[in-house]
Amino acid sequence: MNFIEEIIEKDIENRKNDAKVHTRFPPEPNGYLHIGHAKSICLNFGLAKKYNGLCNLRFDDTNPVKEDVEYVDSIKEDIQWLGFQWAEEHYASDYFEQLYIWAEDLIQRGLAYVDDQTQEEISAGRGVPTKPGTESPYRNRTVEENLDLFRRMRAGEFADGTKVLRAKTGMSSPNMHMRDPIMYRILHTAHHRTGDQWCIYPMYDYAHGQSDSIEGITHSICTLEFEVHRPLYDWFCEALQIHHPQQIEFARLNLNYTIMSKRKLMQLVQEKHVMGWDDPRMPTICGLRRRGYTPQSIRNFAETVGIAKRDNIIDVSLLEFCAREDLNKVATRTMAVLDPVKLIIDNYPDHQTEELNAVNNPENPEAGTRIVPFTKELWIERADFREEADKKFFRLTIGKEVRLKYAYIICCTHVDKDENGNITAIHATYDPATKSGSAESNRKVKATIHWLSVHHAKEAEIRLFDRLFDSSAPDDNEDGTSFIDHLNPNSLIVQHGWIEENLTLENAEPHYQFERIGYFCVDKEATPQKIVFNKTVSLKQ
RNA sequence: UGCCUUGUUGUGUAAUGGUAGCACAGCAGAUUCUGGUUCUGUUUGUCUGGGUUCGAAUCCUAGCAAGGCAACCA
């Protein structure tokens, strides 16, 4: 049980909020969701589910300059794909009128004032954390004057940046957020939902808590950097005398070998370092989806990393473990040869084709079996043969035996080479008595390798992804480098390999395990003419 | 150098005054027609110093370290 669950269970025990739990996930629609958001989504929706409560989706859309419907749509898609459904869909912008009414109320009660200072003057007046700030010369305007000015701000009489509405919290708090914080700024910018209805927009601090309050949120969960905002959150709820949700902060997710800043992810997309927000190397939810991660694996990951208040950097190997753990259960097995070399079974009849049975998923007998054709000429993985094998190598080498999966035990005899010494073909003989499933098939061999019939295999493009950055902390700029400097030049390698003939775009399963290689899924760019696979994650080595 | 928060194996996370546990990673072995899976075993830890207590990761105290905060961003 994490510390938030402890708080909630105590609240339920004390019948706080009538023992109800109502959370919310409050993204700003200014970018795509990433794995860090997934942690927050799983937390908020998970808590609601665990305690028979509700979880809303609320877009924190108070800054029209950065926000767009494109992001609203992608956020909704990603949350649903992760397997969650919100109780209510809201937008902070739906509350603009209520927020405005409350602002006038605060003015009338002498708790807010219009300030004509420039941005620089306000910043200077705020002072520094170690010393109190100074009061604005406009701080003591009359209620009437403030009301008149604020109404004219709304009416559009003033230019951007010429006036703001500030709360009167005092100028000497050691918490900088409590030094007469700005509530409204003038922004003659169209909003993606309210159009040009407004030219003043509330700040986060004057919108978030109130939105929570309006929706009857009981536990307002956010990340650590909002800790210093909590006194303000509380101040507004108390000043307005409205339902007061409890803000609780937890540590955001950090993953090594990647970055999590929306701004920087946006830069990768805009500067075309990646194919887009859904590039399989991106830590975005849509990127992970395209990469072949299952929603279950991401939920498991979010559960496994836990919830606490200390800063953390999770090892990507945990994410990969979660992917393998789930994929092992659900992925359809198939044989694929990524880096082919020809294997010729010299003593196998020239024009014979045998139909062999292959298991679709050993973890799930219900997945059944399929037929794979076996012939004299096969593709095998170049790495499965070595001329000079050490003690640790127990696959194919001259004079040694291996089993061809679902087929026969073969013994390597010799190899053909071109003038440069590169192996062009490997020759072997097979033992007909060792056919899989036959009475004498139980002879032990050191290894089993996968293969494909040259005459039947189909070509496919296979995209092998590695981590996007070659530094475990690409965002650490202490040496003067930027995350762009740490991009891994080998993060995408495109190979043209061979797949089983029965695997087509039309009948493709959502997830495959290429036996002995890794987990793969069909990419959205695949066509019936050219099927394209993405590597999700390799098998454990 | 003001205020807030946080320090538990390599990485995360439990233990709420009573045997420092779990997961990942690592290592070793068993099984295996995937060097996968599964199973077994195993290395490594309470930031430091004092104090309270029969007993401290936990309480007190003094340090130290890390992170956050001085946007008309969220």
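Numbered from 1 within each chain, the chains take letters A, B, ... in sequence-line order.
Among the protein residues, A:I517 comes within range of no part of the nucleic acid, since none of its heavy atoms lies under 4.0 Å from any strand. Heavy atoms of A:K444 sit under 4.0 angstrom from primed sugar atoms or phosphate atoms, though from no base atom. When heavy atoms are screened at a 4.0 angstrom cut-off, A:K131 is found touching no nucleic acid atom at all.
With a 3.5 Å limit on both pairing distances and Watson-Crick or G-U wobble geometry required, the stems of 3 or more pairs in RNA chain B span B:2-7 with B:64-69, B:10-13 with B:21-24, B:26-30 with B:38-42, B:47-51 with B:59-63.
Taking the six-membered ring wherever Trp is involved, the centroid distance between the rings of A:Y293 and A:F301 does not fall below 6.0 Å. A:F374 has its ring centre less than 6.0 Å from the ring centre of A:W451.
For B:rC22 and B:rU40, the P atoms lie 12 Å apart once the distance is rounded to whole Å. Between B:rG17 and B:rG26, the distance separating the two P atoms is 37 Å to the nearest Å. Atom C1' of B:rU19 sits at a distance of 14 Å from the matching atom of B:rA56, rounded to the whole Å. The C1' atoms of B:rA28 and B:rG12 are separated by 24 Å, rounded to the nearest whole Å.
For A:R516 and B:rG35, the shortest distance from a side-chain N or O to OP1 or OP2 is below 4.0 Å. Under 4.0 angstrom from either OP1 or OP2 of B:rU5 there lies no side-chain N or O belonging to A:R230.
Map A:K540 and A:L318 each onto its nearest nucleotide of RNA chain B; the residue landing nearer the 5' end is A:L318. Map A:K435 and A:I314 each onto its nearest nucleotide of RNA chain B; the residue landing nearer the 5' end is A:I314.
No N or O donor and acceptor, one from the side chain of A:E249 and one from the base of B:rU5, sit under 3.5 Å apart. For A:R333 against B:rU34, a side-chain N or O and a base N or O form a donor-acceptor pair under 3.5 Å.
Among the nucleotides B:rG2, B:rU6, B:rA25, the one closest to the side chain of A:T130 is B:rG2.
Protein atom CD of A:E303 is 18 Å distant from nucleotide atom P of B:rC22, rounded to whole Å.
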Per-nucleotide protein contact string for nucleotides 65-74 of chain B (B base, S sugar-phosphate only, - none; heavy atom under 4.0 Å): --SBSBSBBB
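Under the ring pair (Phe, Tyr, Trp, His ring centres under 6.0 Å) criterion, A:Y91 pairs with A:F59, sequence neighbours left out. Taking the ring pair (Phe, Tyr, Trp, His ring centres under 6.0 Å) definition, one finds that A:Y32 meets it with A:Y71, A:W277, sequence neighbours left out. Remark: A:F226 pairs with A:Y204, A:H229 by the ring pair (Phe, Tyr, Trp, His ring centres under 6.0 Å) rule, at least two apart or across chains.
Sorted by first and then second residue, the side chain to side chain donor-acceptor pair (under 3.5 Å) pairs involving residues 178-187 of chain A (not counting sequence neighbours) are A:Y113-A:D180, A:R139-A:D180.
Aromatic ring orientation, A:H90 versus A:Y95: tilted (interplanar angle from 30° to 60°).
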Run the numbers on A:R252 and A:E225 for salt bridge (charged side-chain N to carboxylate O under 4.0 Å, His left out), then give the verdict. CA-CA 9 Å; A:R252 60 164 1 118; A:E225 67 269 28; 2.9 Å; yes
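Counted within 6.0 Å of CG on A:D196, heavy atoms from surrounding residues, nucleotides or ligands total 12 or fewer; the atom is thus considered open.
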